[in-house]
K.L.:
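Can you read through this structure? Questions will come right after.
For clarity, every value in this text was computed on a predicted model and none was experimentally measured.
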Amino acid sequence: MPARWRTKSGCLTCRMRRKKCDEGSPNCQSCCRNGLTCIWSPQETPVGRHCNAPSTLNNHTPTLKYPSPFDSPSRESLFQYFASTMIPQLLIPGTPLDTGNELIPLAAQYPCVRDSFLACATLFLSQSSGVPAPPQALTYYSDALRYTRRMIEESRVNGTEDWLLLQALLLCIFERAQSGPYCEAMSHLLGASRIMALKVRSSADQLTRTSPFQQMCAASLLYHAATTALLSPDISRLPEGTTWKQLQQFIEPSYTSLFAIPPTLCRLILEISRLARRTPLNDHDKQLASSLRDQLQPYLPLHLTPDETICSEEGHDHEAEEIKKAAQLYALSADILLLKATNPELTAKDNRVQTQVKQIMKVLQSDVQGLFWNQHYSWPFAILGCVVQRETEMLFLLGRLEKLWERSHWGDIQRTANFCRAILDSRRQNAQFAGSLRDPKSGAPGCPEPFDMLLYPDWLLQLTG
């Protein structure tokens with residue numbers, strides 16, 4: 001378990017960084033010196049401690065009574081682990097790190113958000129030790145759900161609060177992070193999408209600007225919806241495309257994005273995943289598919305031009321190039337899925353498919369220790385596992401997934417690795433790899449190609465049994 005914070009009464013930022021705090025008001029010297037946002041719990045503001053007068057933050061604290069966020073050493077340590085270790089890992093690459101600072105005071109104010117923090121921290125720590133989720137993680141998770149439901153039932157929310165959106169996303173993260181055979185995140189995604197739709201409407205009516213925190217949450221929602229949909233049999237529960245298009249415009253009015261996986265691209269992936277579940281396509285679906293292909297083109301490597309490369313004042317920006325490659329990785333995988341959705345008879349051996357596969361493998365193999373070594377890049381592996389033609393390629397993917405699991409302990413990584421192993425075993429048994437020495441006729445009769453299974457609503461269940 002991580003060490004206790006060095007300061008017991010300093011700002012949350014110094015506690016998170018385990019640094020001494022002079023408790024200066026309104027910003028401590030350490031935060032000012034390091035250019036950090038000085039964050040205080042509403043119960044521990046420097047004004048409230050150094051003066052007898054009531055804190056000016058009291059008008060903004062929730063009416064619901066809640067205990068101190070650090071009521072025991074173990075909870076304090078878990079909270080610090082989530083804040084200092086997990087938040088940077090959960091942010092989509094490209095997100096400004098200081099944006100995550102806004103999560104901490106919300107957790108200090110709302111017990112349900114705090115319990116979600118603790119549930120995720122407990123889960124990650126246990127999986128890092130190679131043990132199943134302990135009962136305490138499920139207890140925190142259940143408490144977070146129960147408390148949130150009670151506030152909703154008692155009409156203590158209007159549906160557009162930042163903490164409520166964050167809470168839905170944290171519950172989704174917990175479900176995606178747990179390493180069981182199935183992911184039950186869809187109901188939380190549905191709730192988050194409804195909250196976000198209300199926020200978009202409210203913002204348009206009041207002509208208010210979107211805060212960086214709201215942009216981060218909206219981008220996170222789009223990311224989780226896009227990367228969960230393909231693996232979920234109940235994708236139809238999510239709202240239709242209009243909601244997601246409005247959400248994308250709410251975040252990102254132009255093509256340029258700080259996010260390595262741009263919200264625009266996430267929306268396209270979500271719609272392509274939805275199309276894949278509707279084959280054979282009707283005329284309206286075919287028109288939508290054509291539109292999605294046109295929108296996908298700017299992200300594909302062959303269509304990127306030197307003018308689109310972001311450069312710093314000092315010249316070539318390597319980080320910007322890596323972020324561009326991340327978008328390419330997702331776009332190439334999405335293009336393969338779109339090809340299959342619009343051409344159900346297409347096989348994985350088709351030259352159009354293998355051209356994209358070669359580009360993806362080239363990107364992955366060129367990145368030895370860099371950008372693509374965290375849980376955010378598991379989604380393309382689900383597509384690749386169904387289309388690679390050589391056993392060595394599948395073994396490369398499995399090796400990479402094992403390393404990703406060791407680094408992130410993210411449940412979706414393990415689930416992706418499990419069905420890739422199932423594909424490996426099936427294709428070995430049925431001589432479906434290129435260059436197989438076995439007679440293809442010796443395989444099981446009528447055994448579907450994994451690429452075909454991407455169109456099945458319950459494909460994951462069929463592969464993993």
Side-chain angles (χ1 to χ4, degrees), residues 13 35-37 39 83 86-107 109-110 113 116-117 158-173 176 188-228 238-239 241-271 295 298-299 310 319-320 322-324 326-327 330 371 374-376:
T13 306
L36 301 173
T37 303
I39 302 172
M86 290 184 62
I87 288 178
Q89 293 180 9
L90 293 174
L91 295 177
I92 299 173
T95 305
L97 284 177
D98 57 354
T99 308
N101 287 344
E102 298 190 44
L103 278 64
I104 300 172
L106 288 175
Q109 291 178 0
Y110 297 95
V113 177
S116 294
F117 270 39
N158 61 33
T160 61
E161 292 89 347
D162 283 347
W163 73 264
L164 187 62
L165 175 60
L166 174 62
Q167 173 70 342
L169 291 172
L170 287 170
L171 294 173
C172 169
I173 287 170
R176 295 196 69 183
H188 300 311
L189 284 173
L190 180 59
S193 67
R194 289 174 175 172
I195 296 168
M196 199 68 239
L198 290 173
K199 292 181 75 68
V200 171
R201 190 180 310 152
S202 174
S203 176
D205 292 343
Q206 300 176 17
L207 300 177
T208 56
R209 294 188 62 182
T210 309
S211 70
F213 174 77
Q214 291 172 340
Q215 288 184 337
M216 178 192 69
C217 288
S220 179
L221 170 58
L222 264 172
Y223 161 77
H224 285 292
T227 54
T228 301
L238 289 175
T242 302
T243 297
W244 303 106
K245 191 169 184 178
Q246 290 175 344
L247 179 54
Q248 170 229 313
Q249 294 170 345
F250 177 75
I251 310 167
E252 176 188 70
S254 65
Y255 168 72
T256 303
S257 173
L258 292 173
F259 299 108
I261 312 166
T264 308
L265 182 55
C266 287
R267 178 183 63 81
L268 296 177
I269 290 171
L270 177 58
E271 293 307 317
Q295 296 176 63
Y299 295 99
I310 305 173
E319 182 179 357
E322 292 297 291
I323 286 178
K324 188 74 74 174
Y330 265 76
L371 186 65
N374 61 60
Q375 74 275 5
H376 294 290

K.L.:
Begin with the C-alpha distance, continue with both residues' side-chain angles, and end with the deciding distance and a verdict on side-chain contact (heavy atoms from CB on, under 4.5 Å) for Ile92 and Met216.
P.N.:
CA-CA 9 Å; Ile92 299 173; Met216 178 192 69; over 6 Å; no
K.L.:
CG of Leu166 to OG of Ser116: how many Å apart, nearest 0.5 Å?
P.N.:
8.0 Å
K.L.:
Any side-chain to backbone donor/acceptor pair from His188 onto Gln167? Under 3.5 Å, distance only.
P.N.:
no
K.L.:
If you measure from OG1 on Thr95 to OH on Tyr223, what distance do you get to the nearest 0.5 Å?
P.N.:
11.0 Å
K.L.:
May I ask you to decide if Pro239's main-chain N or O and Trp244's side chain share a donor-acceptor pair within less than 3.5 Å?
P.N.:
yes
K.L.:
Counting only N and O atoms by type, is there a donor-acceptor contact under 3.5 Å from the side chain of Glu161 to the main-chain atoms of Gly159?
P.N.:
yes
K.L.:
Please report the shortest heavy-atom distance between Leu169 and Ala192, naming the atom on each side.
P.N.:
CD2-CB, 4.3 Å
K.L.:
State, to 0.1 Å, how close Leu90 and His376 come at their nearest heavy-atom pair, and which atoms those are.
P.N.:
O-CE1, 3.4 Å
K.L.:
Just how far is it from atom CG of Leu270 to atom NZ of Lys245, taken to the nearest 0.5 Å?
P.N.:
14.0 Å
K.L.:
Does the side-chain contact (heavy atoms from CB on, under 4.5 Å) test come out yes or no for Phe259 and Leu222, once each step is laid out?
P.N.:
CA-CA 12 Å; Phe259 299 108; Leu222 264 172; over 6 Å; no
K.L.:
Got a second to check how far Leu268's CG is from Tyr330's OH, nearest 0.5 Å?
P.N.:
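Reported to 0.5 Å precision, the distance equals 14.0 Å.
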K.L.:
For a side-chain contact (heavy atoms from CB on, under 4.5 Å) check, start with the C-alpha distance between Leu164 and Tyr110, then their side-chain angles and the critical distance, and finish with the verdict.
P.N.:
CA-CA 10 Å; Leu164 187 62; Tyr110 297 95; over 6 Å; no
K.L.:
Which pair of heavy atoms, one from Cys266 and one from Ile261, lies closest together, and at what distance?
P.N.:
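Reported closest heavy-atom pair: SG-CG2, 3.6 Å.
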K.L.:
Give me the atom names and distance for the closest heavy-atom approach of Val113 to Leu170.
P.N.:
CG1-CD1, 3.8 Å
K.L.:
To the closest 0.5 Å, what do you measure between CZ (Arg267) and CD (Gln246)?
P.N.:
11.0 Å
K.L.:
Answer yes or no: is there a side-chain heavy-atom contact under 4.5 Å between Ser220 and His224?
P.N.:
yes
K.L.:
Main chain of Leu198, side chain of Ser202: is a donor-acceptor contact present, judged purely on distance under 3.5 Å?
P.N.:
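No; judged by distance alone, with no hydrogens or angles, the pair does not exist.
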K.L.:
Find the distance between CG (Leu91) and CD1 (Ile87) and round it off to the nearest 0.5 Å.
P.N.:
7.0 Å
K.L.:
Over all heavy atoms of both residues, which pair between Ala83 and Ile104 is shortest? Give the atoms and the distance, please.
P.N.:
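So the minimum-distance heavy-atom pair works out to CB-CD1, 4.2 Å.
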K.L.:
Verify the distance criterion only: is there a donor paired with an acceptor across the side chains of Gln375 and Arg176 at less than 3.5 Å?
P.N.:
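No - no donor-acceptor pair under 3.5 Å links their side chains.
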K.L.:
Search all heavy atoms of Phe117 against all heavy atoms of Leu103 and return the closest pair with its distance.
P.N.:
CZ-O, 3.7 Å
K.L.:
Between Pro93 and Asn374, is there a side-chain heavy-atom distance shorter than 4.5 Å?
P.N.:
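Counting from C-beta outward, Asn374 and Pro93 do come under 4.5 Å.
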K.L.:
Who pairs with Arg194 by side chain to side chain contact (heavy atoms under 4.5 Å, CB included), at least two apart in sequence or on another chain?
P.N.:
Leu190
K.L.:
Ser203 and Lys199: side-chain contact (heavy atoms from CB on, under 4.5 Å), yes or no, with the steps?
P.N.:
CA-CA 6 Å; Ser203 176; Lys199 292 181 75 68; over 6 Å; no
